[in-house]
Amino acid sequence: MALRRRETIFLLNLFFLISLLLASVILCEENLSDTESEEIGGEELSMDILRDEAVARIYQLGKVSDADSYLARTFLSSASMKAMNLIQNWMEDAGLKTWVDYMGNIHGRTEAKNSSAEALLIGSHLDTVIDAGIFDGSLGIICAISAVKALKVSGKLGELSRPIEVIAFSDEEGVRFQTTFLGSAAMAGILPVSVLNITDKSGVTVQDVLWTNSFKTTEEAFAKVQYDPESVFGYVEVHIEQGPVLESLGYPLGVVKGIAGQTRLKVMVEGSQGHAGTVPMFMRRDPMVAASDLIILLEGLCKHPQRYLSYDDGCEGVPTESLAGLVCTVGEISCWPSASNVIPGKVNFTVDIRAMDDSSREAIIAEFSKRVRHICRNRMVNCSIEHKHDAKATHCSKELSSELIQAVHSAMSGTPWRMKEEVAVLMSGAGHDAMAMSHLTRVGMLFVRCRGGISHSSDEHVLEDDVWVAGLALLQFLKKVALN
């Protein structure tokens, strides 16, 4: 009898333990299911904001143009003003307080719990080249707005440890006034006030354009555009790579370690204008032929610099490795009077020289200038060279770059592009607003893959999922440097 009672008690206890175990398993499964649902919901939310909405906005902005058959938005043009209104509305939708400064830069800012904390600046440019692609500049602005909106929707925007400010710069390309970084250089304090008097091809000054669009930019107001370096934590820019490296590696993202230095020149050649049928060939002072010689000289100098560079006695010259990435371009040429039956009297052309090493770039410019004088003397024409723009090479912050690398790893950990190797670290041959902003604060850049490496063209293209993963990486970066 006692034995049966003990067996019954044992079986009851065993049943109770099994019931507890089953209940625990069921509870764990429910919790796991809830967690998975939250993760799925978060992923759907991030795709909705960081991919679907972001891509739609990029394409919408790509339709805002001063031309009917191609994309063109220059400094404070009619299309730029329309684009500014769109961007300002999107910033406000993301929970940002907005304003436009005296150089036409759009700002969207959210404050932090610590009102005295240094602000993180994120941005890119809203202007374009002529016959542009839709991603150059716009991608960086939209990704930044989308990442901030994702923080807002998740309820994190009120928990920031430092302010975040998104900036859409009014001019980076320099198409209208042949002077790059009008927006970012003014903020960084490196743009001279004399720039207000520069004219475009129609004789309109920068100040005229600003006043026409209701920006009462005086010399005093111009000074107010500059930021205090003590108030800024750093500047980060998302931008398409504009080259083929990431695509060749199969990676959607890369981190930039530096930006090549850049010089823009205007070469003016003046000869003797005459009748195409009556001036003998040996008596001509033809600036077009002389300009052709100069352009061929530039190509040879930049393709094979060591064959051309000359040095003073005792100088060992420029190391070959420092010439890596050297590129030279003649992108614009004009002549007067530009008639088929007239020997031109004047020919002007532009020169764009870029190199990772500043001393190498300067050596190329010096050698080109010396040989220009020699060729022009032999051709019996007058030549002059005007420096239009000069920017030293920029080195990105190691600290910001390290955080961006971690953000890329984190963003891609749950995607088909999960990093099997180190994140690609690249040099940029193209100029960016980060170059100007480096005079204000430390900078970091995130590159996004583009098809065929094509940019400054209507064929420019970025995959929708690459826009998404770029937004994810920027969001992870913000969480690390602005939330913690």
Side-chain angles (χ1 to χ4, degrees), residues 46 49-51 53-55 57-58 61-62 87 90-91 94 96 106 108 120-128 133-151 164-169 172 183-184 234-243 245-246 251-259 394 396-397 400-401 403-412 415 417 423-426 428 430-438 442-450 455 460-482:
S46 74
I49 296 173
L50 301 177
R51 188 187 70 178
E53 184 177 73
V55 169
R57 286 175 170 179
I58 289 170
L61 202 56
I87 292 168
W90 293 336
M91 286 180 173
L96 300 172
I106 312 167
L120 171 67
L121 310 182
I122 324 167
S124 198
H125 58 97
L126 66 86
D127 69 318
T128 74
I134 67 172
F135 295 92
D136 182 3
S138 297
L139 174 66
I141 297 170
I142 302 304
C143 273
I145 294 172
S146 299
V148 173
K149 183 175 180 178
L151 288 177
I164 297 175
E165 187 170 321
V166 179
I167 307 165
F169 295 112
E172 183 255 19
S184 52
Y235 171 78
V236 169
E237 183 170 357
V238 177
H239 205 282
I240 60 170
E241 181 197 352
Q242 300 180 291
V245 177
L246 289 174
Y251 290 164
L253 302 178
V255 173
V256 180
K257 65 178 179 180
I259 306 169
T394 299
C396 293
S397 160
L400 292 179
S401 296
E403 295 290 356
L404 285 170
I405 288 171
Q406 291 182 37
V408 171
H409 271 297
S410 179
M412 297 178 67
T415 70
W417 309 282
V423 174
V425 178
L426 315 172
S428 173
H432 301 286
D433 286 300
M435 295 184 77
M437 294 298 283
S438 69
R442 56 184 181 167
V443 300
M445 285 196 72
L446 186 66
F447 267 173
V448 184
R449 170 175 58 188
C450 57
S455 183
E460 178 181 284
H461 182 71
V462 175
L463 296 173
E464 291 186 6
D465 282 345
D466 287 3
V467 175
W468 174 39
V469 76
L472 281 173
L474 185 56
L475 178 59
Q476 292 297 327
F477 177 81
L478 294 183
K479 288 179 177 178
K480 182 67 182 294
V481 303

Atom pair [atom1]/[atom2] of [X] and [Y] - distance to nearest 0.5 Å:
| X | Y | atom1 | atom2 | value |
| --- | --- | --- | --- | --- |
| Ile164 | Leu96 | CD1 | CG | 8.5 Å |
| Asp465 | Leu50 | CG | CG | 12.0 Å |
| Leu120 | Tyr235 | CG | OH | 10.5 Å |
| Arg57 | Ile49 | CZ | CD1 | 9.0 Å |
| Met435 | Cys396 | CE | SG | 10.0 Å |
| Leu478 | Leu475 | CG | CG | 6.5 Å |

For Met445 and Ile259, what are the C-alpha separation, side-chain angles and deciding distance, and is it a side chain to side chain contact (heavy atoms under 4.5 Å, CB included)? CA-CA 10 Å; Met445 285 196 72; Ile259 306 169; 3.7 Å; yes
Those residues that, when tested against [X], pass side-chain hydrogen bond (donor to acceptor under 3.5 Å, both in side chains) (two or more places apart):
| X | value |
| --- | --- |
| Gln476 | Ser410 |
| Glu165 | His107, Arg109, Tyr227 |
| Ser438 | none |
| Ser124 | Glu237 |

Of all the heavy-atom pairs spanning [X] and [Y], show the shortest one and how long it is.
| X | Y | value |
| --- | --- | --- |
| Gln242 | Cys450 | N-SG, 3.5 Å |
| Ile87 | Ala168 | CG2-CB, 4.1 Å |
| Val238 | Ala470 | CG1-CB, 4.5 Å |
| Gly471 | Ala147 | O-CB, 4.4 Å |
| Val469 | Ala411 | O-CB, 4.2 Å |
| Ala434 | Thr394 | O-CG2, 4.3 Å |

All ring-ring contact (aromatic ring centres under 6.0 Å, His included) counterparts of His239, not counting sequence neighbours: His125, His432
Side chain Glu460, main chain Phe135, donor-acceptor under 3.5 Å: yes
Glu241 side chain to Leu246 main-chain N or O, any donor-acceptor pair under 3.5 Å? yes
Answer whether the closest heavy-atom distance between the side chains of [X] and [Y] falls below 4.5 Å.
| X | Y | answer |
| --- | --- | --- |
| Val443 | Leu400 | no |
| Val467 | Leu139 | yes |
| Leu151 | Lys479 | yes |

Which residues share a side-chain contact (heavy atoms from CB on, under 4.5 Å) with [X], sequence neighbours left out:
| X | value |
| --- | --- |
| Ala436 | Phe181, Ser184, Ala185, Ile190 |
| Leu404 | Val236, Val255, Phe477 |
| Ala144 | Ile122, Val166, Leu474 |

Are Ile240 and Ser455 close enough, and set up right, to give a side chain to side chain contact (heavy atoms under 4.5 Å, CB included), and what steps lead you there? CA-CA 8 Å; Ile240 60 170; Ser455 183; 3.6 Å; yes
For the side chain to side chain contact (heavy atoms under 4.5 Å, CB included) test, which of Leu472, Val423, Val448 pairs with Leu253? Val448
Partners of Arg442 by salt bridge (charged side-chain N to carboxylate O under 4.0 Å, His left out), sequence neighbours excluded? none
Using the salt bridge (charged side-chain N to carboxylate O under 4.0 Å, His left out) criterion, which residues pair with Glu403? Sequence neighbours excluded. Lys480
Do you know which of Arg449, His461, Arg51 makes side-chain hydrogen bond (donor to acceptor under 3.5 Å, both in side chains) with Asp466? Arg449
